[in-house]
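These notes concern the structure reproduced below.
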Protein chains: 2
Amino acid sequence: MSAGDATILLVDDHSVVREGYRSVLEKQPGLRVIAEAADGTEAYRLYKSEAPDLVVMDLSMPGIGGIEAVRRIRQWDKGAKILVFTMHENAGFAVQAIRAGARGYVTKTSPPETLVRAVMDVLAGKIAISPDIDHELALSRISGESSAADVLTPREFEVMRLLLAENTTEEIAATLHVSPKTVANLHSLIKDKLGVNSDIELVRLALRQGILTPVDLGGT
Amino acid sequence: MSAGDATILLVDDHSVVREGYRSVLEKQPGLRVIAEAADGTEAYRLYKSEAPDLVVMDLSMPGIGGIEAVRRIRQWDKGAKILVFTMHENAGFAVQAIRAGARGYVTKTSPPETLVRAVMDVLAGKIAISPDIDHELALSRISGESSAADVLTPREFEVMRLLLAENTTEEIAATLHVSPKTVANLHSLIKDKLGVNSDIELVRLALRQGILTPVDLGGT
DNA sequence: GCAATGTCGTGAAATTTTCCCGGCGCCGGC
DNA sequence: GCCGGCGCCGGGAAAATTTCACGACATTGC
């Protein structure tokens with residue numbers, strides 16, 4: 001290995017996908033992949049033992065997710081350089097990742113050049129965000145998704161909670177001792193205030209903002 | 001090209017991931033990757049022009065999803081050999097993919113050997129299912145609980161997927177090239193078949209059955 | 001061939017959603 | 001003490017959607 005070689009740790013739970021990272025990165029002179037991990041815990045362990053110059057990490061992994069892995073590694077080494085490379089084209093995830101200590105966020109839909117460029121930038125000490133996420137962030141700044149807890153009155157929030165949990169408009173009306181009409185009006189008003197067009201979007205927003213938790217749905 | 005070379009078309013919207021497929025598959029003598037597509041429509045077009053012996057296809061892609069792409073390709077060529085290679089470790093998707101005409105279903109968490117083995121099996125005319133999905137299928141058979149994939153026709157399942165992911169009825173109609181009215185009818189029929197009364201319940205059921213993953217709810 | 005099933009669409013009724021409206025009560029500022 | 005604003009409650013009517021009944025067509029299986 002030459003003196004200037006930068007060492008890299010790859011983290012992704014899909015081995016065939018890691019093969020892709022490796023293939024792309026090792027075509028680049030000066031980069032060397034020295035280790036691979038399939039989940040966050042293993043990544044943390046390998047970071048401590050291998051001390052790579054850079055970590056390229058996926059977010060959705062079994063066990064502790066990528067965000068938590070980023071946090072732990074940064075807790076152990078304040079100077080750790082971590083580049084998040086994920087399928088999630090979502091500004092929210094990017095914000096969370098950067099806050100957790102990631103130095104870059106690139107989506108998997110990006111062409112290989114973008115990944116390589118981001119790797120180089122992060123190694124050089126810069127922050128690297130892929131163009132699509134930059135765009136998303138700009139959009140969210142402009143039309144900014146309103147936090148439900150922020151824009152809704154207590155009553156509206158309560159109705160929203162019940163809509164997500166209970167069944168029908170009538171049941172909610174009975175629970176709150178108001179007319180079904182009022183519930184319907186509030187339902188409409190809530191969607192308006194949150195800027196969503198359908199109940200499906202409403203559920204998605206609620207999950208995104210942690211108002212509904214996946215465990216509450218009885219799922220896997 | 002040698003007489004025994006099998007030609008392969010790769011379909012995945014993540015270029016770096018395709019690099020992984022390619023790297024793994026081309027290490028295998030007798031396999032040759034002749035084309036790559038980034039979405040279902042392109043896959044269909046390339047299949048017709050390149051006539052590969054095998055298609056290795058992801059499921060979650062922009063535009064028409066992988067399931068629909070499988071259906072279209074099989075409609076055009078009844079003998080098409082398509083191996084689905086996806087991150088979804090969910091029996092429901094597997095059932096739908098096989099019904100749509102896929103000859104194999106392998107998850108991305110599988111080691112490269114499993115993918116290679118499945119490719120060989122499908123080329124040899126066998127049906128290839130990765131062990132983890134076999135297990136899932138066995139479990140779902142035991143629990144006897146009727147899943148969405150069970151009671152819905154392929155088309156209905158596809159519309160449901162789009163309803164959960166996309167936005168409006170009109171957009172889905174445009175994507176599938178059918179009338180908005182048809183989508184609305186299917187929407188209603190789906191809720192009827194699954195025994196839910198609202199879109200909110202529909203989302204909850206989808207989450208419970210792993211058709212939607214909580215972490216994936218970010219997308220715009 | 002014939003029945004069963006899946007797909008696609010129309011039309012009309014039933015229901016819901018949405019918008020606009022007013023009334024009530026509470027609170028803070030003047 | 002009197003407003004003005006806001007949360008809260010619901011009526012009415014128009015608009016949109018959902019649902020139901022029905023027919024057509026292609027494919028599949030017997």
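Chain naming here is simple, since letters A, B, ... match the order of the sequence lines and numbering starts at 1 in each. Small disclaimer: the values here were computed from a predicted structure and weren't measured.
Salt bridge A:Lys108/B:Asp12: absent, no basic N to carboxylate O contact under 4.0 Å. Under 4.0 Å is where a charged nitrogen must lie from a carboxylate oxygen, and between B:Arg71 and B:Glu68 at least one such pair does. In summary, B:Arg45 and B:Glu50 do not engage in a salt bridge, as defined by a charged side-chain N under 4.0 Å from a carboxylate O. In summary, B:Glu26 and B:Arg32 do not engage in a salt bridge, as defined by a charged side-chain N under 4.0 Å from a carboxylate O. Ion pairing between A:Arg204 and A:Glu201 fails under the 4.0 Å rule for side-chain N and carboxylate O.
Rounded to whole Å, the distance from CH2 on B:Trp76 to P on D:dT27 is 17 Å. Atom C1' of nucleotide D:dC8 and atom CD1 of A:Ile172 are separated by 16 Å, given to the nearest angstrom. If you take CG of B:Asn197 and C1' of C:dT15, they are 13 Å apart, rounded to a whole angstrom.
A side-chain N or O of B:His187 and one of B:Asp199 form a donor-acceptor pair less than 3.5 Å apart.
Residue A:His177 is the one, among A:His177 and B:Lys181, whose nearest nucleotide of DNA chain D lies closer to the 5' end (criterion: closest heavy atom).
Between A:Thr182 and the phosphate of D:dG10, there is a side-chain N or O to OP1/OP2 separation shorter than 4.0 Å. A close approach under 4.0 Å does occur between a side-chain nitrogen or oxygen of B:Lys78 and OP1 or OP2 of D:dT28.
For B:Asp199, the side-chain atoms get nearest to D:dT18 when compared with the rest of C:dG9, C:dT7, D:dT18.
Summary of helix geometry: the two end axes of the helix from C:dG1-D:dC30 to C:dC30-D:dG1, each defined by five base pairs via their C1' atoms, are inclined to each other by 30° (rounded to 10°).
Put simply, OH on B:Tyr105 and CZ on B:Phe93 are 6.5 Å apart, with the number rounded to the nearest 0.5 Å.
Interface residues of residues 184-192 of chain B facing DNA chain D, ordered by number: B:Asn185, B:Ser188, B:Lys191; criterion, heavy-atom separation under 4.0 Å.
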For this session: Start with the C-alpha distance between A:Thr109 and B:Asp13, add both sets of side-chain angles, then the distance that settles side-chain hydrogen bond (donor to acceptor under 3.5 Å, both in side chains), and finish with yes or no.
Result: CA-CA 6 Å; A:Thr109 48; B:Asp13 56 334; over 6 Å; no

